[in-house]
There are 2 protein chains.
Amino acid sequence: MKASPRPYHHGNLREALLEAAARALETGGVGSLTLRELSRELGVSHTSPRRHFADKQALLDALAVRGFERLDAVMARAAKDRGEDFNARLTRLARAYVGFALKHPAWFGLMFEAKHRADAPPVLLDASDGAFAHPPAVFAQGQAAGEVVVGDPARLSLGAMAAVHGLLSISTNGQFKGIPLDRLVAEIIERLVWGLRPRE
Amino acid sequence: MKASPRPYHHGNLREALLEAAARALETGGVGSLTLRELSRELGVSHTSPRRHFADKQALLDALAVRGFERLDAVMARAAKDRGEDFNARLTRLARAYVGFALKHPAWFGLMFEAKHRADAPPVLLDASDGAFAHPPAVFAQGQAAGEVVVGDPARLSLGAMAAVHGLLSISTNGQFKGIPLDRLVAEIIERLVWGLRPRE
DNA sequence: ACCTGAACACCGTTCAAGT
DNA sequence: ACCTGAACACCGTTCAAGT
């Protein structure tokens, strides 16, 4: 958003660093991400990153923020109302979440690791909150349609998102005991929705 | 279990390394865990660990196995039948899980990170399976008592454990938007149990 | 303002050598 | 069998210096 000042030797080093870091993350995991290697790749000295990020952790945090922004965009698209019932809509949202996590496992891992640091910057927590604002919205509309019990949507949706996220953590290689994640997600959401029916 | 051969310079270096590593993990997180520092602490040369662990990752894997064994012990104790109903028992099991994770956050994180590596050793996956065998047992007894719908206990319990684990991942510093994890766990389990009631 | 090069204090891993 | 010491190829970070 901020207009970049005239470049010196490199076009926009900060941006280039973040992009190269994201690539490194996808290719070789967080272990392969070093400031010196990024600098080499971009043809600048290994001390250049210092001008744009206080230290390595600052770059990782910025990368985590980008991740939550991407996740936010993915969730926003999946949360759009298409006239389905609550179950179908929540399942679509959950699948989008799982899809992002499986497509960018190292990035996804970095995002939550960064968020869990005691001194995580506010901008990071805000980015996370942004992405996690979509499920409550879907729940609220489910309530409006009489498909979901009354109660704080944020609190109700937390259980659903926790289940989906936990499924990712507990599973291995996109499956659990041979059953693909996608199927398990649908199963769990359906059972959850059943439990969330208004009690007559 | 295996009888240790006569020591050379150190009593039982393998054991000492694992204990020192666990301590380092608790104190300064996984970032503070280096083979050289462990060696210094134990008064051996920095190449000694090589005799007992092929590389650093092998030590981390062994540490992760220990973690799952500890978790298994904690879960086994919590899963014991005390004559409560299914809801109370599952809540106790979930709280034990959360308690372990909050008490040893770095270790807990290491365990699942190790488990997610593509080349995770079978012994690690077995240790994980061991700890996760307790919830299905509780579910099976819940079914026997007519408190839970029919279905594969492993599959049914997966949703519950995923929700609890996910809550840990999504939350920050043992809470979520100011609400303590313990309370959220109880809430989610209760709602889940409600959804798992046999449908008449 | 932005980048460089040398220097410092660390790593993990390898390997020939010791007892 | 078990450990050592030197060596190698890396790190992140600091700092005086350049344009």
Side-chain angles (χ1 to χ4, degrees), chain A residues 1-25 27-64 106 110 113-114 117 119 121, chain B residues 1-25 27-64 106 110 113-114 117 119 121:
Chain A
M1 295 300 168
K2 186 179 3 173
S4 64
R6 277 200 308 111
Y8 185 64
H9 270 147
H10 199 280
N12 188 344
L13 187 54
R14 192 191 139 88
E15 200 57 29
L17 280 167
L18 283 171
E19 281 170 20
R23 260 196 317 272
L25 212 52
T27 317
V30 71
S32 75
L33 202 167
T34 75
L35 295 181
R36 290 180 104 113
E37 176 57 30
L38 293 181
S39 302
R40 247 174 263 132
E41 215 177 303
L42 299 174
V44 295
S45 92
H46 65 269
T47 55
S48 292
R50 193 65 213 287
R51 289 291 127 192
H52 305 280
F53 301 101
D55 54 16
K56 189 181 180 181
Q57 189 59 57
L59 186 149
L60 295 180
D61 283 347
L63 205 55
L110 172 76
E113 202 183 310
R117 283 207 352 276
D119 56 337
Chain B
M1 297 301 165
K2 190 182 353 175
S4 66
R6 276 199 310 112
Y8 185 64
H9 271 145
H10 199 282
N12 189 345
L13 187 53
R14 193 192 139 88
E15 200 59 27
L17 280 167
L18 283 170
E19 281 168 20
R23 263 196 314 272
L25 211 53
T27 316
V30 70
S32 75
L33 201 166
T34 74
L35 295 181
R36 289 180 104 112
E37 176 56 29
L38 294 181
S39 302
R40 245 175 263 131
E41 217 178 301
L42 299 175
V44 295
S45 93
H46 65 269
T47 54
S48 292
R50 194 63 215 288
R51 289 290 130 191
H52 304 281
F53 301 101
D55 54 18
K56 189 181 181 182
Q57 189 58 56
L59 185 150
L60 295 180
D61 283 348
L63 206 55
L110 173 75
E113 202 183 311
R117 286 206 351 277
D119 54 339

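Every chain is numbered from 1, with letters handed out A, B, ... down the list of sequences.
The separation between B/Asn12 atom CG and D/dC2 atom C1' is 13 Å, rounded to whole Å. In this structure, B/Leu13 atom CG and D/dT4 atom C1' are separated by 13 Å, rounded to whole Å.
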>> Test side-chain contact (heavy atoms from CB on, under 4.5 Å) on A/Leu60 and A/Glu113; report intermediate values, then the result.
In response: CA-CA 10 Å; A/Leu60 295 180; A/Glu113 202 183 310; over 6 Å; no
>> As a quick check of understanding, evaluate side-chain contact (heavy atoms from CB on, under 4.5 Å) for A/Leu110 and A/Leu33, giving each step before the final call.
In response: CA-CA 12 Å; A/Leu110 172 76; A/Leu33 202 167; 5.8 Å; no
>> Assess the residue pair A/Asp61 and A/Arg117 against the criterion (side-chain contact (heavy atoms from CB on, under 4.5 Å)); give the C-alpha distance rounded to whole Å, side-chain angles, the decisive distance to 0.1 Å, and a yes or no.
In response: CA-CA 10 Å; A/Asp61 283 347; A/Arg117 283 207 352 276; 2.8 Å; yes
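A/His52 has a side-chain polar atom (N or O) that falls below the 4.0 Å cut-off from OP1 or OP2 of C/dC3. Of the side-chain N and O atoms in A/Ser48, one or more sit less than 4.0 angstrom from OP1 or OP2 of C/dT4.
Side-chain contact check for A/Ser48 versus A/Leu13: some heavy-atom pair is nearer than 4.5 Å. Residues A/Val44 and A/Leu17 are not in side-chain contact: their nearest non-hydrogen atoms beyond the backbone lie 4.5 Å or more apart. In this structure, B/Leu63 and B/Phe53 have side chains that are not in contact, with every pair of non-hydrogen atoms separated by 4.5 Å or more.
Residue pairs meeting the side-chain hydrogen bond (donor to acceptor under 3.5 Å, both in side chains) criterion with at least one partner in residues 28-41 of chain B, sequence neighbours excluded, are B/Arg23-B/Glu41, B/Arg36-B/His46, B/Glu37-B/Arg40.
Paired runs in DNA chain C that reach 3 or more consecutive Watson-Crick or G-U pairs, where each pair keeps both distances under 3.5 Å, cover C:4-8 with D:12-16, C:12-16 with D:4-8.
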> Along nucleotides 6-16 of chain C, 5' to 3', which nucleotides get a B, which get an S, and which get a -, given that the test is a protein heavy-atom distance under 4.0 Å?
Replying inline: BB---BBBB--
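For the atom pair A/Arg50 CZ and A/Leu59 CG, the distance stands at 12.5 Å (nearest 0.5 Å).
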